[in-house]
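Remember, predicted model here, so these are calculated numbers, not experimental data.
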Amino acid sequence: MSPRKSNALDLHIPAPRARPGDKPDFSGWSFPEPGDTPRPDIDAPALELRDYAYGLVRVLDMEGNALGPWTPHIQPETLRRGLKYMLLTRAFDDRMYRAQRQGKTSFYMQSFGEEAISVAQALALNPDDMCFPSYRQQGILIARDYPLIEMMHQIYSNARDPVKGRQLPVMYSSKKDGFFTISGNLATQVPQAVGWAMASAYSGDLRIASTWLGEGSTAEGDFHAAMTFASVYKAPVIINVVNNQWAISSFQGIAGGENTTFAARGVGYGLPPLRVDGNDFLAVYAVTQWAAERARSNLGPTLIEHFTYRGGPHSTSDDPSRYRPAEEGRAWPLGDPIERLKQHLVSIGEWSEEQHRQAQEEAVETVRATGREAEKVGVLGADGAHPRESMFEDVYKDVPWHLRQQREEEGV
């Protein structure tokens with residue numbers, strides 16, 4: 001018998017549809033219409049929810065109308081607060097980005113285009129629920145009324161930096177605000193969140209945990225270990241995958257998004273998977289509320305994929321014009337989260353163009369005035385901001401003998 005002939009093997013390398021100089025290409029994408037996705041009961045078995053991994057929960061249409069069963073019951077005042085927090089987050093990002101360009105700090109990361117995810121979720125969660133964020137959820141702190149000046153002190157690593165110069169800029173930490181220390185190592189916060197949630201349940205507490213990571217980080221082993229523990233022990237945790245299409249310069253297909261959705265990761269682990277329009281404030285609030293109620297009812301974790309777009313560079317060290325079309329962000333078919341919530345409030349008679357203009361100006365002025373105060377304390381590189389002896393503080397309850405000896409020898 002002669003050997004069977006076969007074609008030579010060919011390795012598939014995922015590639016984005018458009019590169020710099022190309023016209024943005026979102027052709028072939030289709031989404032359910034706002035209001036078309038049914039809202040399941042919170043006690044629905046995960047097996048019955050698998051189709052939600054492949055759809056998209058939408059509430060707002062592009063004219064600002066709220067449609068369908070996922071429309072949450074939110075007072076207009078809460079929506080106005082949410083809009084103002086998003087405006088404040090964007091103004092803060094803009095000033096801190098420019099501060100880095102002026103040499104006042106070494107590094108900054110914006111959340112431009114993703115503000116609805118952090119702000120809507122912060123308002124949907126209880127104030128004492130524990131958040132394990134990645135580095136683009138500064139809106140959580142802002143929505144929990146954490147002082148902007150404290151965030152700036154940390155970014156500038158000046159003498160009033162609450163973490164005493166021991167973290168990279170933007171990697172905030174606030175125990176009293178339920179904001180776990182951000183880590184630059186990707187996905188480490190996910191098993192930490194699951195472990196915290198397990199401990200909360202084990203001790204009979206009432207608080208749940210929520211964690212965020214980018215779609216690229218779902219390729220990390222930490223994510224998969226956390227998913228196993230969350231599923232097996234039914235930990236009261238929400239795992240949020242923020243699919244903003246780009247992990248630094250790698251498009252989401254490199255992490256597996258070319259063949260399926262990131263919400264589908266939940267199917268293999270037996271978790272309820274929800275996929276939501278991340279630029280729709282009402283939809284993000286609604287799915288978070290659903291997942292939180294499920295967790296509080298001892299029904300276990302939920303995986304949420306937030307389908308959104310990173311409007312700016314990955315960080316101040318990044319130049320997105322080198323790997324994607326310059327107009328891609330403006331062509332994003334699901335719009336801008338701030339503009340869409342504004343349109344909704346205007347459509348229901350709870351906001352106006354003049355109110356929006358004033359709110360924008362107030363946000364910019366608040367950030368500007370706070371920035372002046374923070375810079376009076378100092379910016380990155382200020383002499384004496386952190387004395388050498390401070391490196392021994394907050395590390396040990398009782399300083400070991402060899403460190404005491406070293407301090408004496410060094411005169412610190």
(Q) Just to verify, what does Pro191 make a side-chain contact (heavy atoms from CB on, under 4.5 Å) with, not counting sequence neighbours? (A) Asp222, Ala226
Q) If you measure from the Lys or Arg side-chain nitrogens to the Asp or Glu carboxylate oxygens, is any gap between Arg340 and Asp61 under 4.0 Å? A) no
Q) Using the benzene-type ring in the case of Trp, are the ring centres of Tyr135 and Trp212 under 6.0 Å apart? A) no
Q: Before accepting this row, confirm whether a basic side-chain N of the pair Asp36/Arg58 lies closer than 4.0 Å to the acidic partner's carboxylate O.
A: no
Q. With ring centroids as reference points, do Phe307 and Trp29 lie under 6.0 angstrom apart?
A. yes
Q.
Can you tell whether the side chains of Asp94 and Arg90 come within less than 4.0 Å, N to carboxylate O?
A. no
**Q.** Within 6.0 Å of CZ in Arg95, more than 12 heavy atoms from elsewhere
**A.** yes
Q: Return the set of residues passing salt bridge (Lys or Arg N to Asp or Glu O under 4.0 Å) with Arg296 (not counting sequence neighbours), or none when no residue passes.
A: Asp129
Q: Mind jotting down which residue pairs meet the side-chain hydrogen bond (donor to acceptor under 3.5 Å, both in side chains) criterion with at least one end in residues 359-369? Sequence neighbours excluded, please.
A: Arg357-Glu361, Glu365-Arg368
Q | Aromatic plane relationship, Trp246 with Tyr323 - under 30° parallel, 30 to 60° tilted, over 60° perpendicular | A | tilted
Q: Kindly state each residue pair satisfying side-chain hydrogen bond (donor to acceptor under 3.5 Å, both in side chains) with at least one member in residues 224-238, sequence neighbours excluded.
A: His224-Tyr269
**Q.** Salt bridge Arg80-Glu350, side-chain N to carboxylate O under 4.0 Å
**A.** yes
**Q.** Test log, rule salt bridge (charged side-chain N to carboxylate O under 4.0 Å, His left out), inputs Lys104 and Glu375
**A.** CA-CA 9 Å; Lys104 295 174 181 176; Glu375 290 176 21; 3.1 Å; yes
Q: Say whether, by atom type as modelled, one donor and one acceptor occur between the side chain of Ser157 and the main chain of Val379 under 3.5 angstrom.
A: no
(Q) Strictly below 4.0 Å, N to O, side chains only: are Lys342 and Glu353 in salt-bridge contact? (A) yes
Q) How would you list all residue pairs meeting ring-ring contact (aromatic ring centres under 6.0 Å, His included) that involve residues 137-158, not counting sequence neighbours? A) none
Q | Contacts of type salt bridge (Lys or Arg N to Asp or Glu O under 4.0 Å), residue Arg294, not counting sequence neighbours | A | none
